Protein chains: 2
Amino acid sequence: MDVHGRDLRYFVAVAEELHFTRAAERLFVSQPALSKQLRMLERTLGAPLFDRDRHGVRLTSAGAALLPHARRVLADWDTGLVAFEEAKAAQRATLAVGMSTSPGRGGMLPAIRSRFTAAHPEAALTLHQVNWSDTTAGLGDGASDVAFVWLPLPDGARYRWTVMAEEPRLVAMAESHRLAARETVDFADLLDEPFLALPESAGPLRDHWLATDARDGRPPVIGAEIASPDETYEALVDGLGVCLLAAGNAPLVARAGVVTRPVAGLSPAQLALAWRADDTRPLVRAYVEAARATHGTTA
Amino acid sequence: MDVHGRDLRYFVAVAEELHFTRAAERLFVSQPALSKQLRMLERTLGAPLFDRDRHGVRLTSAGAALLPHARRVLADWDTGLVAFEEAKAAQRATLAVGMSTSPGRGGMLPAIRSRFTAAHPEAALTLHQVNWSDTTAGLGDGASDVAFVWLPLPDGARYRWTVMAEEPRLVAMAESHRLAARETVDFADLLDEPFLALPESAGPLRDHWLATDARDGRPPVIGAEIASPDETYEALVDGLGVCLLAAGNAPLVARAGVVTRPVAGLSPAQLALAWRADDTRPLVRAYVEAARATHGTTA
DNA sequence: CTCCGTGATAACCATTGGTTATGGACGTGC
DNA sequence: GCACGTCCATAACCAATGGTTATCACGGAG
């Protein structure tokens with residue numbers, strides 16, 4: 001037996017005025033509309049709220065019993081609306097920054113943050129790491145507003161990006177690997193090695209880190225699938241395969257038992273800051289600008 | 001920015017299920033209806049309440065901010081409904097008994113009450129005295145459900161009644177009045193006396209207490225208008241006029257300085273219990289039955 | 001690759017909520 | 001008493017709302 005909030009306002013207004021015509025103009029509706037709505041309300045409630053007769057309009061006892069609750073419902077709803085609006089504003093003033101792996105790279109993130117908050121002191125930033133199965137680092141499902149990603153992105157038309165860094169691809173392997181002793185590895189020597197690969201859902205990025213473009217069409221051997229730095233480290237130590245990674249990410253896996261070596265014959269990897277093409281919100285533009293400016297000074 | 005309570009229920013249901021289809025069946029509506037209503041709600045609120053994507057349905061932060069308020073509004077409304085229903089029931093179980101002057105007359109009222117409450121122990125009785133300007137003693141404007149009145153009633157078709165007592169009409173006058181010395185007064189001797197009269201609004205009853213039917217068309221002289229026993233007593237003492245009244249009401253005015261005398265040549269007055277012709281509620285019938293039974297035993 | 005489950009959309013229909021014009025009951029002032 | 005003003009109810013009408021069924025688009029699982 002729910003009713004429209006508006007009907008409660010009508011009820012309270014008439015209860016306060018005890019006068020339909022005056023209540024109607026206070027509510028900016030016509031008097032017949034008010035009469036009709038209150039009759040409907042009384043019908044759905046199953047009992048009259050007002051006694052109307054020659055002597056005027058009075059609350060029935062049932063109406064009097066309902067009145068304080070109606071007021072309270074309206075008050076609660078109004079405060080709820082205020083809370084909602086505040087949350088809305090907070091949401092508008094918060095930028096979610098996604099990343100596959102920590103961008104690190106000499107304080108790039110703090111530099112961007114300080115530029116950004118200088119331009120938008122009211123805005124809040126939230127950083128969060130996203131599983132590698134989503135190569136857009138949350139852009140695709142709205143979890144992020146901007147994201148640090150490795151090119152290429154899937155579905156290029158939906159996103160725009162600015163390249164933040166170009167880094168050579170290294171190979172990581174167990175220190176017991178037969179090639180671990182070399183200073184530099186030629187990619188041709190890795191062609192038959194089992195590789196650790198991103199999940200299938202990573203699409204073109206999976207291929208990029210398998211360097212399929214340097215294999216002349218010969219399919220890679222997949223030793224395991226990996227979706228986080230820790231998984232990668234464990235798989236390397238266990239000898240499940242070798243793995244390409246950007247030079248800047250070497251510290252993530254180069255722990256005890258794992259070595260990284262430069263690879264000859266591979267194009268560099270590109271780290272980019274990306275956003276949704278249709279997202280023109282000022283905070284997004286501002287973050288991108290801050291990133292470009294930072295990139296300029298640090299490049 | 002009011003919304004329908006139903007929409008809040010929809011919102012809460014989806015927030016709890018995080019699943020439109022399941023929420024829809026819990027609410028006994030089709031899934032498209034639920035989708036549409038929630039979109040409308042989001043549109044009127046100006047921000048989405050849920051994130052829906054491949055991974056499922058989740059509350060937005062704004063939605064999360066609104067949720068507790070929505071729950072509270074619904075809870076308040078539900079308790080308000082309960083209060084309303086209780087008041088409705090109490091109203092149904094309360095009989096308002098109106099009277100122009102106290103019926104008195106040897107415990108008639110307590111006798112009726114005991115019979116009535118024996119038949120309806122759950123019912124409450126409220127007695128109230130009504131100004132003489134309303135000769136229906138509150139029946140007309142709904143202030144009373146049953147009423148002790150003097151016949152005739154105005155607008156006979158609207159009411160039914162049962163005669164409770166027939167009493168001779170006496171005349172009341174100041175003890176200094178020239179006729180006060182007589183044991184009995186003939187109405188012919190009163191024709192030129194100023195009379196105290198009920199208000200104009202009393203209609204035919206005013207004429208009855210002026211005994212216009214015994215005046216052969218000659219208009220009465222009005223000394224003052226009266227609307228309560230106290231006014232009557234004061235007007236009598238002040239010598240503003242004389243006044244007819246039922247024998248049973250003599251004690252109301254026969255105080256120091258006022259005397260009452262039988263009048264020859266007048267028909268008796270009839271005290272009746274009346275109710276609205278269209279009012280068939282069990283409590284009303286029951287009170288009338290109790291009154292008739294009591295009348296039978298005391299008559 | 002096809003099927004299933006999910007939410008969104010389309011097309012349609014009855015009900016709701018508003019409008020203006022009008023009616024009927026009552027009080028008021030000449 | 002009688003024309004008038006006030007007040008609430010009703011009538012006729014119209015746009016928007018809230019529901020239905022049928023269908024689509026998409027992603028996940030077998």
Side-chain angles (χ1 to χ4, degrees), chain A residues 1-11 13-15 17-45 48-60 133-134 136 140-142 154-155 158 199-203, chain B residues 1-11 13-15 17-45 48-60 63 133-134 136 140-142 154-155 158 199-201 203:
Chain A
M1 198 64 82
D2 289 330
V3 301
H4 198 110
R6 178 193 43 239
D7 292 346
L8 294 187
R9 278 194 211 284
Y10 287 5
F11 167 52
V14 174
E17 299 282 349
L18 291 179
H19 194 291
F20 277 70
T21 306
R22 268 200 301 280
E25 45 194 51
R26 207 176 90 179
L27 294 164
F28 302 106
V29 294
S30 67
Q31 169 265 315
L34 184 58
S35 280
K36 191 156 85 166
Q37 286 308 100
L38 269 179
R39 288 210 168 277
M40 296 278 264
L41 181 59
E42 289 174 327
R43 203 165 54 81
T44 72
L45 291 178
L49 295 165
F50 296 100
D51 281 332
R52 318 132 161 94
D53 61 22
R54 43 209 121 280
H55 305 312
V57 176
R58 290 177 315 285
L59 272 172
T60 62
S133 57
D134 176 12
T136 70
D141 60 11
D155 195 1
R158 291 187 56 199
E200 294 272 8
S201 60
Chain B
M1 198 64 84
D2 288 330
V3 301
H4 197 109
R6 179 194 42 239
D7 291 346
L8 294 187
R9 280 197 209 282
Y10 286 6
F11 167 50
V14 174
E17 298 282 349
L18 292 179
H19 195 291
F20 276 70
T21 306
R22 267 200 301 281
E25 45 195 53
R26 206 176 91 178
L27 294 164
F28 303 105
V29 295
S30 67
Q31 168 266 316
L34 184 58
S35 280
K36 192 156 83 166
Q37 285 310 100
L38 269 178
R39 288 211 167 277
M40 296 279 264
L41 181 60
E42 289 174 326
R43 202 164 56 80
T44 72
L45 291 178
L49 295 165
F50 296 99
D51 282 330
R52 317 131 161 94
D53 61 21
R54 44 207 122 279
H55 306 312
V57 176
R58 289 178 315 284
L59 271 172
T60 62
S133 57
D134 176 10
T136 69
D141 61 10
D155 195 1
R158 290 186 56 199
E200 293 272 7
S201 60

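Because the structure is predicted, anything quoted here is derived from the model rather than measured. Chain letters run A, B, ... following the sequence lines, proteins first, then strands; residues in each count from 1. Note that these values count all heavy atoms, side chains included, but never hydrogens, waters or copies made by symmetry.
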Atom of B:D7, atom of B:Q37 and distance for their closest heavy-atom approach
OD1-NE2, 3.3 Å
Applying salt bridge (charged side-chain N to carboxylate O under 4.0 Å, His left out), name anything that partners A:E17, two or more places apart in sequence or on another chain.
A:R22, A:R26
Students often get this wrong, so: under 4.0 angstrom with heavy atoms, is B:Y10 touching a base, only sugar-phosphate, or nothing?
sugar-phosphate
Shorter than 3.5 Å, N or O on both sides, protein versus nucleotides 25-27 of chain C: list them out with atom names.
residue : atom : partner : partner atom : Å
C:dC26  : OP1  : A:R54   : NH1          : 3.0

Taking ring pair (Phe, Tyr, Trp, His ring centres under 6.0 Å) as the definition, give me every residue that meets it alongside A:F50, ordered by chain and number, with sequence neighbours left out.
A:F11
What is the distance, rounded to the nearest whole Å, between atom CD of B:E25 and atom C1' of C:dG5?
12 Å
Can you tell me how far the CG atom of A:L38 sits from the OH atom of A:Y10, to the nearest 0.5 Å?
9.0 Å
What are the two closest non-hydrogen atoms of A:L34 and A:A24, and how far apart are they?
CD2-N, 3.5 Å
Which value, rounded to the nearest 0.5 Å, describes the distance between B:T44 atom OG1 and B:R39 atom CZ?
13.5 Å
Roughly how far, to the nearest 0.5 Å, is the NZ atom of B:K36 from the CG atom of B:L41?
14.5 Å
Distance, rounded to the nearest Å, where B:L18 contributes CG and C:dG7 contributes C1'
14 Å
Chain A on DNA chain D: first and last contacting nucleotide, 5' to 3', under 4.0 Å to a heavy atom?
D:dC7 to D:dT10
side-chain hydrogen bond (donor to acceptor under 3.5 Å, both in side chains) between A:E25 and A:T21, worked out:
CA-CA 6 Å; A:E25 45 194 51; A:T21 306; over 6 Å; no
So B:S30, base contact, sugar-phosphate only, or nothing? Heavy-atom distance under 4.0 Å.
base
How far apart are the closest heavy atoms of A:H4 and B:D2, and which atoms are they?
NE2-O, 3.5 Å
Can you check the A:D7 CG to C:dT15 C1' distance for me, whole Å?
14 Å
So, is B:H19 near the phosphate of C:dG7, with a side-chain N or O under 4.0 Å from OP1 or OP2?
yes
Nearest whole Å is fine: how far is C:dT15 P from B:H4 NE2?
16 Å
Between P of C:dG5 and CD of B:E17, the distance in whole Å
17 Å
Side chain to side chain contact (heavy atoms under 4.5 Å, CB included) against A:P48, all qualifying residues, sequence neighbours excluded:
A:E42, A:T60
Is the shortest heavy-atom distance from the side chain of B:M40 to the side chain of B:R43 under 4.5 Å?
yes
Between residues 32-44 of chain B and DNA chain D, which residues have a heavy-atom gap below 4.0 Å?
B:P32, B:A33, B:K36, B:Q37
